[in-house]
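Notes follow once the structure below has been shown.
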Amino acid sequence: MLSSTDFASASWELVVRVDHPNEEEQKDITLRVSGDLHIGGVMLKLVEQINIAQDWSDFALWWEQKHCWLLKTHWTLDKCGVQADAKLVFTPQHKMLRLRLPNMKTVRLRVSFSTVVFRAVSDICRALNIRRAEELSLLKPSGEYFKKKKKKEKNNKEPIIEDILNLEGSPTISGPSVSPGLYSKTMTPTYDPINGTPASSTMTWFSDSPLTEQNCSILAFSQPPQSPEALADMYQARSLADKAKLNAGWLDSSRSLMEQGIQEDEQLLLRFKYYTFFDLNPKYDAVRINQLYEQARWAILLEEIDCTEEEMLIFAALQYHISKLSLSTEIQDFTNESEVDEVEAALSNLEVTLEGGKADNTLEDITDIPKLADNLRLFRPKKLILKAFKQYWFVFKDTSIAYFKNKELEQGEPVEKLNLRGCEVVPDVNVAGRKFGIKLLIPVADGMNEVYLRCDHESQYAQWMAACILASKGKTMADSSYQPEVLNILSFLKMKNRNSASQVASGLENMDLNPECFVSPRCAKKHKSKQLAACILEAHQNVAQMPLVEAKLRFIQAWQSLPEFGLTYYLVRFKGSKKDDILGISYNRLIRIDAATGIPITTWRFTNMKQWNVNWEIRQVAIEFDQNVSIAFTCLSADCKVVHEYIGGYIFLSTRSKDQNETLDEDLFHKLTGGQE
């Protein structure tokens, strides 16, 4: 018989595989351990038995069967539940990972496989000099993503060597989730705000990114446009259901890479996941602005987002302009750069920050909410009726539009009052045809009411459109964002205004780039090359004087103004429904869309959301809104955790403010996105 003391001291054999980077084969090491030995003690025994003098500080134990890291070194084997049959691997926590950036450039760098993805992305962004890492995440592409490319490589007799930017010597060391050097409001500018070149004198002092100036310029400058053949190879027409499948691959931000089955040297996509781009500043964000521009550019070229032909030509003109400026030698010539007085630059930046920019005089008195009143034309679509617009006197106040038969009846009862809170606002514009329309989809109990408004000219359209956009978010024209929104719409319309300039003909001979590179393959098929070049050069006249960074920002703004901007699609089945629907998730709302027709059925605003939760047993997301509205759905194209994280992530990002000390509450993020699984 064994005594209790013999039981306590009873030991057993534990086999640990050592993943040694310098050895070709992994070695199994057998240790004699007892249940009361802590994890740190196991690692110490391992290192003593391996008997190789090196830095083992990055190594940790990975439990293969349970698919988890044993990182709590003070926990005993008994507490962890480790027994003799456990398969443990002693492996480095930081491993190499290949990341395809939005500009299609691949970087290879060392990333933590043991910290949660939220923190790993933060470390990656710090290494790449991208602020606001919370807006990005890692996407595991579907098997089809690289298929076309591989097929093309097979047909090509010459082997293609992938152009990889290797940052292996610059490991991303896990630290605090936010780097003070990269986020300080008084930080000296690290980029020239006009052309995005690194300010070399300050780059090494104030930025803790390991990027050299050369690598930084690769990430901060636009890549040369792809050939039409390469574009055609990448392009494929996608339905909403196809787009929904692409969004299934977002990694879980609350778990580590290793826990999600990511292998060393695997290729993932680093993308802007949340479409709320906070505090874009050309002085610090050259890489961020460029990568954002590239993500927008590819979304347009591959028709991941719909736009009109007129808009496609504006995007093409801006791309042509940006590629011309990026290729010009004087921009990339860092040697002639004038020295920057760091203190002066920091003080002037602080001054701008404190003043909050120039306030518009028209908004000085915000005690009185402004109103718009004018003659507009209205049309309500009904079956079997031709599109006939009728003129009324419209009054826009607060977040509502009321319309009357004429101006004299304004003090009486309106024909109808439309409450625009939570509505969808879609531009219906053709500048060349002098058509300035606004399509409103107003939520009602049984779906959406469709209303079309028609304005007479650009100025009227910009004012009413801006007011509608703000009202849909629950804001009035007294909000400080109203005037910038009006100006933004006017500048976009100005770009659409086509000049019959004499310079276009001479420019055709000088157009050194293939016009098909700047439009989607479907658009390129509709036009002859010379005709397309003439249209692009004509649109280019409106943007020809823009500096490089401003042109990229204008491209991003134009992308943001598209009706489908920022919508991420998932295939779902609503509770009580017999057919599948598409759920569109945006930064401020959820939209139920008919999967067959693509027409929005209902919209729910986050501002009206009371609570949401997940039933993990049946994988169902349930959401409660104001006025006793509740919805529930199961996700068909992705795990419900992916959708839940999207909703929680947007609500988390809405809590950011410039008054904060620029630090993120990571615990709050996990609380909002984790779903207490």
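Because only heavy atoms are used, hydrogens play no part in the values below, and waters and symmetry mates are left out as well, while side chains stay in. Model, not experiment: these values are computed from the prediction.
Between D265 and K95, no side-chain nitrogen of the basic residue sits less than 4.0 Å from a carboxylate oxygen of the acidic one, so the salt-bridge criterion is not met. With respect to K273 and E645, a salt bridge is recorded, a charged nitrogen being found less than 4.0 Å from a carboxylate O. Salt bridge R132/D285: absent, no basic N to carboxylate O contact under 4.0 Å. Residues E666 and R119 are paired through a salt bridge, judged by an N-O separation under 4.0 Å between the basic side chain and the carboxylate. In this structure, R297 pairs ionically with E294, as a charged nitrogen and a carboxylate oxygen lie closer than 4.0 Å.
The structure places CZ of F518 at 13.5 Å from CE of M312, a figure rounded to the nearest 0.5 Å.
The environment of Q545 atom CD is sparse: at most 12 non-hydrogen atoms of other residues, nucleotides or ligands sit within 6.0 angstrom.
Counting all heavy atoms, side chain and backbone alike, L318 lies closest to A551 at CD2-O, 4.0 Å. T673 approaches G648 most closely through the heavy-atom pair CG2-C, 3.7 Å. The minimum heavy-atom distance linking W250 with Y570 is given by the pair CD1-OH, 3.6 Å. Taking all atoms of both residues into account, the shortest heavy-atom contact from S326 to S222 is OG-CB, 3.8 Å. Of all heavy-atom pairs between E564 and Y569, the closest is OE1-OH, 3.6 Å. Residues R131 and D279 approach most closely at NH2-O, 2.8 Å, considering heavy atoms.
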Working for side-chain contact (heavy atoms from CB on, under 4.5 Å), residues L219 and L165: CA-CA 10 Å; L219 300 183; L165 176 61; 4.0 Å; yes
side-chain contact (heavy atoms from CB on, under 4.5 Å) between L562 and D306, worked out: CA-CA 8 Å; L562 295 176; D306 287 340; over 6 Å; no
Derivation of the side-chain contact (heavy atoms from CB on, under 4.5 Å) call for D252 and V117: CA-CA 7 Å; D252 186 338; V117 165; over 6 Å; no
Trace of the ring-ring contact (aromatic ring centres under 6.0 Å, His included) decision for H670 with F118: CA-CA 9 Å; H670 292 305; F118 184 85; 5.7 Å; yes
K243 and T568: CA distance, side-chain angles, deciding distance, side-chain contact (heavy atoms from CB on, under 4.5 Å) verdict: CA-CA 8 Å; K243 290 177 185 177; T568 308; over 6 Å; no
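In this structure, a donor-acceptor pair under 3.5 Å is present between the side chains of H527 and E309. Side-chain atoms of R100 and T106 include a donor-acceptor pair closer than 3.5 Å. If you check the side chains of S529 and E516, you find a donor sitting under 3.5 Å from an acceptor. Using modelled atom types and a 3.5 Å distance limit, the side chains of S520 and E303 yield a donor-acceptor pair.
Taking the six-membered ring where tryptophan is involved, the planes of H321 and H540 are tilted, since the angle between them lies from 30° to 60°. Below 30°, between 30° and 60°, or above 60°: for F90 and W56 the angle between ring planes is below 30°, a parallel geometry.
Between N290 and V549 there is no side-chain heavy-atom pair separated by less than 4.5 Å. No side-chain heavy atom of F113 sits less than 4.5 Å from a side-chain heavy atom of Q93. I124 has its side chain out of reach of V107: every pair of non-hydrogen atoms, C-beta onward, lies at least 4.5 Å apart. Between V111 and D123, the closest side-chain pair of non-hydrogen atoms is not below 4.5 Å. Taking the side chain as every heavy atom from C-beta outward, N514 and P228 approach each other to under 4.5 Å. Side-chain contact between L553 and I289 is present, with heavy atoms from C-beta onward closer than 4.5 Å.
For the ring pair (Phe, Tyr, Trp, His ring centres under 6.0 Å) test with Y293, the passing option among F555, F277, F315, W559 is F555; the others fail. Of the options Y587, Y274, Y275, a ring pair (Phe, Tyr, Trp, His ring centres under 6.0 Å) to Y646 is made by Y274 and by none of the others.
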